[in-house]
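Bear in mind that the values here come from a model prediction, so they are computed numbers and not experimental data. Chain A is the first sequence line, chain B the second, and so forth, proteins listed ahead of strands; every chain is numbered from 1.
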Number of protein chains: 2
Amino acid sequence: MSQSPKQSAGRSVPTSADVARLAGVSRATVSYVLNNTAAVRISEPTRRRVREAAEELGYVPHAAARSLRAGHSRMVLMPTAHVPIGPLYSGFLNELQWALRRLDYTVVQYAGVGLEADEAARAWAELRPVAVVSLGRAGLTPSGVELLKRAGARAVITVGPQQIAGTHALVMDQTTVGRAAGAHLVERGCRAVGVVMPEEPGLEMFSVPRLDGVRAAAERAGATVVPLPLRYEEEPADRLAARWRELGLDGVFAYNDEYAMLLMRALQDAGIAIPEETAVVGSDDLVLGRLLRPRLSTVHIDMVRGQELAELVDRAVRDPEAAPERRELLASRIVRRESS
Amino acid sequence: MSQSPKQSAGRSVPTSADVARLAGVSRATVSYVLNNTAAVRISEPTRRRVREAAEELGYVPHAAARSLRAGHSRMVLMPTAHVPIGPLYSGFLNELQWALRRLDYTVVQYAGVGLEADEAARAWAELRPVAVVSLGRAGLTPSGVELLKRAGARAVITVGPQQIAGTHALVMDQTTVGRAAGAHLVERGCRAVGVVMPEEPGLEMFSVPRLDGVRAAAERAGATVVPLPLRYEEEPADRLAARWRELGLDGVFAYNDEYAMLLMRALQDAGIAIPEETAVVGSDDLVLGRLLRPRLSTVHIDMVRGQELAELVDRAVRDPEAAPERRELLASRIVRRESS
DNA sequence: TTGAAAGCGTTACCAT
DNA sequence: ATGGTAACGCTTTCAA
C-alpha cells in the first residue's frame, strides 16, 4: 500500500553516504571525522569539508545502526509503572535520571502499560538495553530477568518491595513506615488503631506493607488494628467520619499526609477532637502537614539519593558477574507534631 | 535451562540465525514463522520446530535491526521536561501514553535533561522516531523541528504555551487561567490583586502566563496587580504574611491550590480575615481546596483527553503533509467557594 | 515450501 | 592520510 513513496516528505533522510558524496570522500572518512576518531589522522581541510557537508544536509547519525554495529548500547531502560507516585518518588526518579545521564547513559522510560509480566519483559528485551531499572513491582519474574539477560542486559535492578532472583535490588521496605507509625501510636497510648487504605488502584504496593508494619508494631503491644478503605474524595471521608465513634478507634495511621488531611478535616467537621479523642499520623512529611491545625504528625522517609542508585547501575554494568547487591532504600522515623 | 554453553566471557545473544540453525531451516523461514507472514505458507511441522527452537534459545528479535531494515519505526518520542508537574498533567500524560499504545505505538520517554535546544533535538533525531510529542517548552526551536523532520519524523506535536513553526500544536493557554481568576476577583470588588509566583524552577512556563492573564483582566478594570515571589515553604510564607497589611492587597491569586493553602495558612496565622480582608483564589481544583476553611475558590481546568491527542498524533503520522493543526488544550472556569 | 542474497546505516580492520 | 570492504541482525524479494 504505497500511495506515497518514502521520500514524500520532501527528501529522504540523509545518511553518512550522502555526506561522503557531497564532501567527496568515503563513508569511512566521514565516520572518522564526525566521531573524532583518535586512531586516524585526517587533514584539516578534509575535516572541514566533511563537517560542512554534514551541516548542510542536516545529517544526524542513526542510533540504531550505530548500536547494531557496535553490538551494544548505553541505553538504560526504565519501565514505568503507571502508579500515581507522590512528590517523594518522582523527585527520586528525576535525580536518578539526571545522575545516569552524567554517567553517559541514555535513559529511556518505556511505557509498558497493559502488558503482562513476561510479555513485558520480551518487549523490553527487544530494545537490547544495557541495563534495566524496574520500579515498583512492574511485573518482573525470574524468568523475565533471565530473558533480559540473554538479550544482553548486563544488569537488572529492581526498586521495590522485594528482591527477585538474579537482580540487584534496592529494597523499599514500606513496612518500616507502618512500623514507625504503629509504634508511635501505641506509645501514645492507643489501643485501637485504624489504618487508611487508599482505594485508588496501584497503591497497594505501598499501602499493604504499611498496614503490615502497623500490625506488627501495634499487635505486639496488644492493640488492635482495623483497615479503613477510603477513596481520596470528600464524601467517602465524611461517611467514614460519621461512623467514627462506633468504630471506637483512638488512633489512626492515614497512609500518607494527603489522606491524613482528608480524614482530619472530616473528623473535625464531625466533632472528633484531635488528638484527644483520636490521634492521627500521616506519612511522607509533606509541606502540607505543617500547615494543618493541629499540625500533623508524620513519618519522615529518608530516600536513597538517585546518585547512589546511578552508581550502582554503573558498577553492575561494568561487572555483570558480580554478586547481586541488596540495599535498603529508605529509613523511616516518626516526626511528632500536634496531631498525636 | 537445559544447556549452558561455556561462553563464560559473555554468552552471546541468540539471533535468528541461531534459531534457524537449531531448527534446521533458513533465516528467512524463521522470519516468516515468527512474524506470521501471510504471503508465505510454511508447513505446520516446520513452524513448530522453529517455534520450539526460538523458545529454547530464548530468542527475542532485535528491534533496532528490524526497524533499520524496515526503514521506519513506530516509536513516539516524548522528551520529558523535568518540571514537577501536578496531578492534573501527570494524569493527562498517563492517559496519552495508554492511548498511543492502543494505537500500536511504542512510547518512549526520553530524559533529555541537561541538554540545550538544538542539541536536544539532535539527540532525539538520532533515535529516528516516527513522531515527537514535546511537552512544555522543552526547548524546541523551528530549526530543531526542521532537523527532526529531516531525520524522518513524520509529525512533531508540541503541547505548550505557543505554537512552533512546522508543528501541530496543542496550545495550553495558561493566560485563560489567570484571566478567569482576575476577572472573578475584580468582580468581587478587589482593587489591588497579588499574584503568587512560585520560585521553584521550571514553573515559569505556567506562572508567567497566568500572571499575564490576571493583569489583562484586572488592569482593564482599573485594579493594580502585584507579583509575589514565594517558595513552597512555611517560613517564606510567614514572612510574606507578616508584611501583608503594608502591601494593601484585597485579593490574591495564588498560582494553584497548593500555594493557596500555604498562603492561606500564613495569612490566617497573621490574623488576616479571608475573604473579608483579602480574597484568595487558587487553581487546578484539587481535592485539598475543598478541605480548607474557608473552602477555597479555584479555577477549574478542563484538559483535553489523552485519547484525543493520541488520535491527533496518529492522524499526523498517517498524513504528514496535512496542514498543522492547532487546538486549545484547556478551558478554564472559576469555581467560587468561600475564600473569595 | 524453502533458501540464497541483497540491503538498511554504521564503524573497524586492512589496504593503499 | 584516505578508501574499500565486511559485518552487525533483520526482512524481503526472487529463484528453486
Hey, can you pull the residues of residues 28-40 of chain B with a non-hydrogen atom under 4.0 angstrom from DNA chain D? Ala28(B), Ser31(B), Tyr32(B), Asn35(B)
Out of curiosity, Leu103(A) CG to Glu311(A) CD, how far, rounded to the nearest 0.5 Å? 7.0 Å
Any side-chain heavy atom of Thr158(B) within less than 4.5 Å of one from His168(B)? no
5' to 3' contact window, DNA chain D with chain B (heavy-atom distance under 4.0 Å): dG9(D) to dT13(D)
Using the C1' atoms of the five pairs at each end, what is the angle between the end axes of the helix from dT1(C)-dA16(D) to dT16(C)-dA1(D), to 10°? 50°
Starting at CZ of Arg122(B), measure out to CG of Leu148(B) and round the result to the nearest 0.5 Å. 11.5 Å
Test side chain to side chain contact (heavy atoms under 4.5 Å, CB included) applied to Ala64(B) - qualifying residues, sequence neighbours left out: Ala64(A), His62(B)
Tell me, please, which residues at least two apart from Ser143(A) pass side chain to side chain contact (heavy atoms under 4.5 Å, CB included). Asp118(A), Thr141(A)
Test side-chain contact (heavy atoms from CB on, under 4.5 Å) on Arg327(B) and Val171(B); report intermediate values, then the result. CA-CA 6 Å; Arg327(B) 301 201 33 196; Val171(B) 181; over 6 Å; no
Derivation and outcome, side-chain contact (heavy atoms from CB on, under 4.5 Å), residues Glu328(B) and Met172(B): CA-CA 6 Å; Glu328(B) 287 298 327; Met172(B) 304 191 304; over 6 Å; no
Starting from the C-alpha separation in whole Å, work towards a yes-or-no answer on side-chain contact (heavy atoms from CB on, under 4.5 Å) for Val13(B) and Tyr59(B). CA-CA 8 Å; Val13(B) 183; Tyr59(B) 169 74; over 6 Å; no
Atom CG of Asp18(A) and atom C1' of dC8(C) are separated, to the nearest Å, by 13 Å
Quick one, which residues of residues 47-69 of chain A touch DNA chain D with a heavy atom under 4.0 Å? Leu68(A), Arg69(A)
State, with a plain yes or no, whether a side-chain heavy atom of Val133(B) is found less than 4.5 Å away from one of Leu77(B). no
Ile42(B) has an atom CD1; how far is it from atom C1' of dG3(C), in whole Å? 10 Å
Would Asp314(B) and Arg318(B) count as a salt bridge (Lys or Arg N to Asp or Glu O under 4.0 Å) if you check the C-alpha gap in whole Å, the side-chain angles of each, and the deciding distance to 0.1 Å? CA-CA 6 Å; Asp314(B) 192 46; Arg318(B) 295 176 118 87; 2.9 Å; yes
Just checking Arg102(A): does its CZ atom have more than 12 heavy atoms from other residues, nucleotides or ligands closer to it than 6.0 angstrom? no
Go through the steps to decide whether Val50(B) and Tyr32(B) satisfy the test side-chain contact (heavy atoms from CB on, under 4.5 Å), and finish with yes or no. CA-CA 10 Å; Val50(B) 170; Tyr32(B) 292 143; over 6 Å; no
Are side-chain heavy atoms of Phe92(A) and Leu309(A) found at a separation under 4.5 Å? yes
